[in-house]
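Working notes for the structure below.
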Amino acid sequence: MLKCTAIAIVAAVASALPVLAQDVMMKCDEASMMKMQSDMDAMTDPAMKEKKEMASKEMMMAKDSMTANKMDDCKMHMENAMKSMGKT
């Protein structure tokens, strides 16, 4: 019984780590913006053109939000850009 509980706890912690890592990565700062931009620039496959365009639009909105000091909006747009790129 104790082994099952320990295994369940380890599984719960392991499944929570990607969520925590994503939250840490999604900062609305210049470094995160540049990382996202380089990820978008690496999308050279013509089949990904639509995804890249959507991600680019979201990043423009994120940059505008960061300039206006609306960090929650900026973070939301960056997350949407990542989703558009298929990163989440």
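We number each residue from 1, following the sequence as shown. Hydrogens, waters and symmetry mates are skipped; everything else that's a heavy atom, side chains included, is used.
- To the nearest 0.5 Å, the span separating CG on Asp41 from CE on Met34 amounts to 10.0 Å.
- Judged by distance alone, the side chains of Asp64 and Thr67 never bring a donor and an acceptor atom under 3.5 Å apart.
- Atom CG of Asp72 has 12 or fewer neighbouring heavy atoms from other residues, nucleotides or ligands inside a 6.0 Å radius.
- The backbone N or O of Met61 sits less than 3.5 Å from a side-chain atom of Ser65, completing a donor-acceptor pair.
- Taking CE from Met82 and CE from Met85, the interatomic distance works out to 7.0 Å, rounded to the nearest 0.5 Å.
- Within the model, atoms CD of Gln37 and CD of Glu30 stand 10.5 Å from one another, a figure rounded to the nearest 0.5 Å.
- Here NZ of Lys63 is found 9.5 Å from CE of Met78. Values are rounded to the nearest 0.5 Å.
- With contacts defined as side-chain heavy-atom distances shorter than 4.5 Å, the pair Met71/Met66 qualifies.
- Residues Met36 and Glu58 are not in side-chain contact: their nearest non-hydrogen atoms beyond the backbone lie 4.5 Å or more apart.
- Looking only at distances, a side-chain donor or acceptor of Ser38 sits under 3.5 Å from a matching main-chain atom of Lys35.
- Inter-residue side-chain proximity for Met33 and Cys74 is flagged as met; some heavy-atom pair is nearer than 4.5 Å.
- Between atom CD of residue Glu53 and atom CD of residue Glu50 there is a gap of 7.5 Å, rounded to the nearest 0.5 Å.
- Ser84 approaches Ala55 most closely through the heavy-atom pair CB-N, 3.8 Å.
- When the shell of 6.0 Å around CE of Met54 is examined, it contains 12 or fewer heavy atoms from other residues, nucleotides or ligands.
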